[in-house]
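Written out below as structure tokens is the structure these notes cover.
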Amino acid sequence: MPTTTSNPNVVDEIIKSFQLPDDSLTVITQKILEAFKLGTDGNPNGLAMTPTFVTSVPNGTEKGTFLTLDFESAAFRVSQVKLDGKRNLSSADKIVDLSAQDKTGEATAFFDLVADSVRGFLAENGIQGSTSNPLPLGVTFGFPVQKTGIKNAKLAAWTKGFSVQNAVGKDVSTLLQDALDRKKIPVKCVSVVNDTAAIFLAQSYLSGGCVLAAIFGVGTNGAFPEEIAKIKKLHNTPSLSTTGKMILNTEWGAFDNQASISNRNVLPRTPYDNKLHRESLRPGFQSFEKMVSWMYLGEIARNIFVFLIDQSPPALFGGKSTPALNAQFGFDSYYLTLVEQANSLTDIKAVLVEHLGLKSEDISDADASIVRAVSIAVTTRSARLAACAVAAGLVYRGHLALGPRAPAGPKLPVAVYGELMLLYPQFQTRLHEALTAITGKGTQERVDFIQVKDGGALGAALSAFEATTIQK
Ligand code: BGC
């Protein structure tokens with residue numbers, strides 16, 4: 001057996017620093033609510049609360065054929081989506097993987113790659129357009145943008161590890177259209193929507209609506225409809241009717257950003273979060289996202305493991321590390337799910353041997369238990385913070401209130417997407433528990449999380465439908 005002389009206090013202290021008691025959840029939820037309100041009022045200290053210019057909620061009768069592009073973090077997908085007007089769809093897809101070079105190179109190279117992939121997709125599927133009758137294209141783009149119409153989307157910042165050069169401050173639909181035009185591809189970009197808005201639209205088309213859409217994947221964000229009359233930023237938009245609602249993209253991943261004057265330092269950051277920030281592409285930004293989303297949870301856990309390995313005497317693996325454990329992002333969030341799904345300490349050890357290159361003789365039972373406790377602590381904090389954002393959305397829209405008991409009432413469907421929802425069963429359970437702690441007993445009976453798979457392409461098609469038939 002290895003001779004790990006672990007100091008249980010070090011581990012206990014770390015686990016404790018990740019715990020968020022129920023009353024702190026309420027405080028964080030109140031702060032997020034405040035940030036929603038400031039943002040909707042156009043105050044730059046609030047969250048972005050970006051108007052999406054999506055003003056009509058699908059009811060399943062939408063019909064038409066649209067090309068779509070859905071940008072995810074590791075790949076983008078070109079599709080042709082056919083809506084039959086009876087809540088069904090069919091689609092042909094092509095997935096194009098993105099290399100690290102694609103994500104950090106020049107914008108022209110990036111959009112040339114996208115345009116070439118669209119051309120390839122059209123050729124492979126025998127789809128033809130013409131200069132006089134270009135094919136309408138809807139885009140789902142999960143990054144913060146400023147919008148002045150359903151098509152325009154000026155990139156505000158990259159997130160989730162992207163840093164394509166010379167794109168920030170430019171309109172994404174223009175960059176894309178220029179590339180398509182340069183290559184004489186008869187396709188016209190008609191809409192650009194955030195991925196949360198896309199999920200909202202997709203869920204509405206497929207099964208009759210939701211009150212909130214949330215993504216807990218590589219990044220995190222939420223969107224919900226708001227009265228146009230209340231969105232102060234839109235008051236100078238003459239073409240827009242002031243009645244009705246519009247989907248607002250909260251960009252809640254930016255909550256507690258260092259750059260904002262109010263609502264910062266609300267989240268209890270640990271040294272492991274600070275290290276993550278310092279080594280990230282944009283330290284101080286996407287603060288909430290960096291504690292909640294799939295991209296970062298494994299890295300937070302890795303920071304803890306390395307700290308414990310480096311203790312004197314060592315508090316983990318007898319002080320042994322491996323190249324994977326030493327590398328930034330060397331511990332994938334997926335391993336957290338494997339550790340939590342493991343049935344025994346022996347199974348946890350097998351995960352560590354297989355994925356981190358540790359030698360089994362260097363992992364004691366105590367080490368395996370520590371790895372499990374750290375995994376649970378990091379994901380539980382993520383799920384509890386996620387609950388604050390969901391609660392804030394539901395309270396903001398008047399569906400629930402902060403307090404000990406949720407009122408009886410209709411079901412509140414929340415459309416969700418992302419790795420934490422799809423791959424991590426405990427995440428959803430903990431999210432629900434924390435939500436109940438914030439909005440009271442009875443919440444579980446009211447709030448239904450509905451997984452929307454492939455909502456990016458469908459949502460893009462529905463936004464293209466709105467752009468070409470309703471807002472034309
Ligand atoms: C982006 C959001 C997006 C979210 C989920 C965040 O990093 O800023 O626009 O909705 O990730 O993909």
Side-chain angles (χ1 to χ4, degrees), residues 32 35-36 39 46-54 69-77 98 103 139-147 152-164 167-168 172-173 191-203 210 212-224 247-257 259-260 276-277 280-297 299 329 333 382 385-386 389-390 393 414-423 427 451-457 459-460 463:
I32 299 177
F36 283 171
L47 283 166
M49 307 305 275
T50 311
T52 60
F53 289 79
V54 171
L69 270 168
D70 177 17
F71 290 93
E72 297 223 343
S73 59
F76 63 87
R77 178 196 295 242
L98 288 169
K103 291 195 225 177
V139 178
T140 291
F141 190 72
F143 298 93
V145 296
Q146 286 156 8
K147 290 188 70 73
N152 332 76
K154 199 199 269 181
L155 184 64
W158 287 115
T159 56
K160 300 181 283 197
F162 271 73
S163 63
V164 172
V168 172
V172 175
S173 67
S191 63
V192 176
V193 284
N194 187 257
D195 47 0
T196 48
I199 300 302
F200 192 100
L201 293 174
Q203 169 59 20
C210 55
L212 175 82
I215 294 190
F216 297 109
V218 176
T220 182
N221 192 10
F224 46 72
I247 298 179
L248 274 188
N249 161 17
T250 67
E251 287 294 338
W252 70 37
F255 176 69
D256 206 44
N257 270 7
S260 110
L276 182 142
H277 266 275
S280 69
L281 284 176
R282 296 181 74 226
F285 285 84
Q286 295 301 99
S287 289
F288 185 75
E289 179 160 280
K290 284 175 178 157
M291 287 176 141
V292 171
S293 78
W294 181 255
M295 172 154 179
Y296 301 104
L297 297 187
E299 178 65 0
F329 293 109
S333 297
S382 154
L385 289 174
V390 171
V414 173
V416 290
Y417 179 69
E419 285 80 353
L420 284 162
M421 283 289 176
L422 288 169
L423 305 176
F427 178 83
Q451 308 261 5
V452 187
K453 284 195 192 138
D454 296 334
S463 72

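The structure displayed is predicted, hence computed values, not measured ones. For the numbers below, each heavy atom of this structure counts, side chains included, while hydrogens, waters and symmetry mates do not. Whatever order the structure lists them in is the order used to number ligands and atoms, beginning at 1.
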Q) What residue and heavy atom of the protein are closest to atom 11 (O) of ligand 1, and at what distance? A) Lys160 NZ, 3.3 Å
Q) Atoms of ligand 1 less than 4.0 Å from Glu251 heavy atoms? A) 1 (C), 2 (C), 8 (O), 9 (O)
(Q) Need the ligand 1 atom indices (1-based, order shown) with element for anything under 4.0 Å from a heavy-atom of Pro144. (A) 8 (O), 9 (O)
(Q) Yes or no: does Gly217 have any heavy atom under 4.0 Å from an atom of ligand 1? (A) no
Q) Hey, does Glu419 have a side-chain heavy atom less than 4.5 Å from the side chain of Ser293? A) no
Q. Does the side chain of Ser463 reach to within under 4.5 Å of the side chain of Leu201, using non-hydrogen atoms?
A. yes
Q) Which heavy atom of the protein is the closest neighbour of atom 6 (C) of ligand 1, given with residue, atom name and distance? A) Glu289 OE1, 3.1 Å
(Q) In this structure, does ligand 1 have an atom that sits under 4.0 Å from one of the heavy atoms of Gln286? (A) yes
(Q) I want to know if ligand 1 touches Asp195 in the polar sense, i.e. an N/O pair below 3.5 angstrom. (A) yes
Q) So, do Leu420 and Leu297 sit near enough that their side-chain heavy atoms are less than 4.5 Å apart? A) yes
Q: Evaluate the side-chain proximity of Val452 to Phe200: yes if any heavy-atom separation is below 4.5 Å, no if none is.
A: no
**Q.** Min N/O separation Thr159 to ligand 1 under 3.5 Å
**A.** yes
Q: For Glu72, enumerate each residue passing the salt bridge (charged side-chain N to carboxylate O under 4.0 Å, His left out) test, keeping only those at least two apart in sequence or located in another chain.
A: none
Q) Against heavy atoms of Ile215, which atoms of ligand 1 measure under 4.0 Å? A) 5 (C)
**Q.** Side chains of Val54 and Val193 in contact at under 4.5 Å (non-hydrogen atoms)
**A.** yes
Q) Does ligand 1 have a heavy atom under 4.0 Å from the side chain of Asn194, from its backbone, from both, or from neither? A) side chain
Q. Does a sphere of radius 6.0 Å around NZ in Lys103 hold more than 12 heavy atoms from other residues, nucleotides or ligands, not counting ones at 6.0 Å or beyond?
A. yes
**Q.** atom 4 (C) of ligand 1 [closest protein heavy-atom partner, distance rounded to 0.1 Å]
**A.** Asn221 CB, 3.6 Å
Q. Which option, Gly219, Gly142, Ala48, owns the non-hydrogen atom nearest atom 1 (C) of ligand 1?
A. Gly142
Q. Do the side-chain N and O atoms of Thr250 and Asn221 include a donor-acceptor pair separated by under 3.5 angstrom?
A. yes
